[in-house]
Amino acid sequence: MAVTGAGLFMLPTAAVQLLLGPASGLLQRQISLRAQLIAGQLGCAAGFASLARWHDAPWQVYAATSVLGVGFWLCLVALPNQVVSAVPAARTGSATAVNTAVRNAGGALGGHLAAAIIVSSTQAGTGAPAASGYIGALILCAAATCAGAFIGCATPRKSPR
């Protein structure tokens with residue numbers, strides 16, 4: 001598969017986020033940030049698990065990456081807003097900076113772990129990773145996002161002011 005073809009498989013992830021972006025303000029008025037974050041994590045877990053299980057036909061990949069897009073959108077909208085709403089106004093800058101640093105560190109660590117799983121499945125004689133390596137990496141991602149949802153469930157509900 002050409003690089004362009006592989007990139008097109010990720011198009012639904014970005015397209016869904018672009019299309020849903022304007023709805024984020026309305027969603028925040030209807031559903032708590034905590035619930036959005038948990039739903040986003042579970043959406044990501046469903047997308048990763050779907051890709052691990054069903055990836056033989058292009059429509060399966062497009063469907064799973066669309067689900068990932070919804071999950072990513074919910075998380076990327078909810079988490080920064082939840083961080084900002086949890087701290088006094090004077091601490092907003094440092095709180096968002098810590099959120100960004102931790103998110104980037106987690107992404108780097110997760111990317112390296114996924115790459116290690118994929119590379120460890122390299123087939124003798126071909127040098128190419130086996131499908132099992134990609135499946136293992138996707139399962140890791142699904143498990144990590146399930147853990148994120150569990151942590152989200154453990155966070156306190158915001159008390160009414």
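The analysis underlying the following values was restricted to heavy atoms, covering all of them including side chains, and did not include hydrogens, waters or symmetry mates.
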Review point. Short question: side chain of Thr13, backbone of Thr65 - any donor-acceptor pair under 3.5 Å?
Key: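 Looks like yes, one N/O pair under 3.5 Å.
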Is the shortest heavy-atom distance from the side chain of [X] to the side chain of [Y] under 4.5 Å?
X      : Y      : result
Ser121 : Tyr134 : no
Val70  : Leu20  : yes
Ser50  : Val67  : no

Straight-line distance of [X] [atom1] to [Y] [atom2], nearest 0.5 Å:
X      : Y      : atom1 : atom2 : answer
Leu37  : Cys153 : CG    : SG    : 9.5 Å
Gln28  : Ser85  : CD    : OG    : 8.0 Å
Ile38  : Ile151 : CD1   : CD1   : 11.0 Å
Asn104 : Leu109 : CG    : CG    : 12.5 Å
Thr92  : Asn99  : OG1   : CG    : 12.0 Å

If you take all heavy atoms of [X] and [Y], which pair is closest and at what distance?
X      : Y      : value
Pro80  : Leu76  : CD-O, 3.3 Å
Ala45  : Cys146 : CB-SG, 3.6 Å
Ala78  : Gln36  : CB-CB, 3.7 Å
Ile117 : Gly136 : CG2-C, 3.8 Å
Gln60  : His55  : OE1-N, 3.5 Å
Gly93  : Thr96  : O-OG1, 3.0 Å

Say whether [X] and [Y] are linked into one hydrophobic cluster, either directly or through other cluster members, by side-chain heavy-atom distances under 4.5 angstrom.
X     : Y      : value
Phe48 : Tyr62  : yes
Val16 : Leu51  : no
Ile31 : Leu74  : yes
Phe9  : Trp73  : no
Leu68 : Ile139 : no

Review point. Can you tell me if CZ on Arg53 sees more than 12 non-hydrogen neighbours from other groups inside 6.0 Å?
Key: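 Atom CZ in Arg53 is not crowded, with 12 or fewer foreign heavy atoms closer than 6.0 Å.
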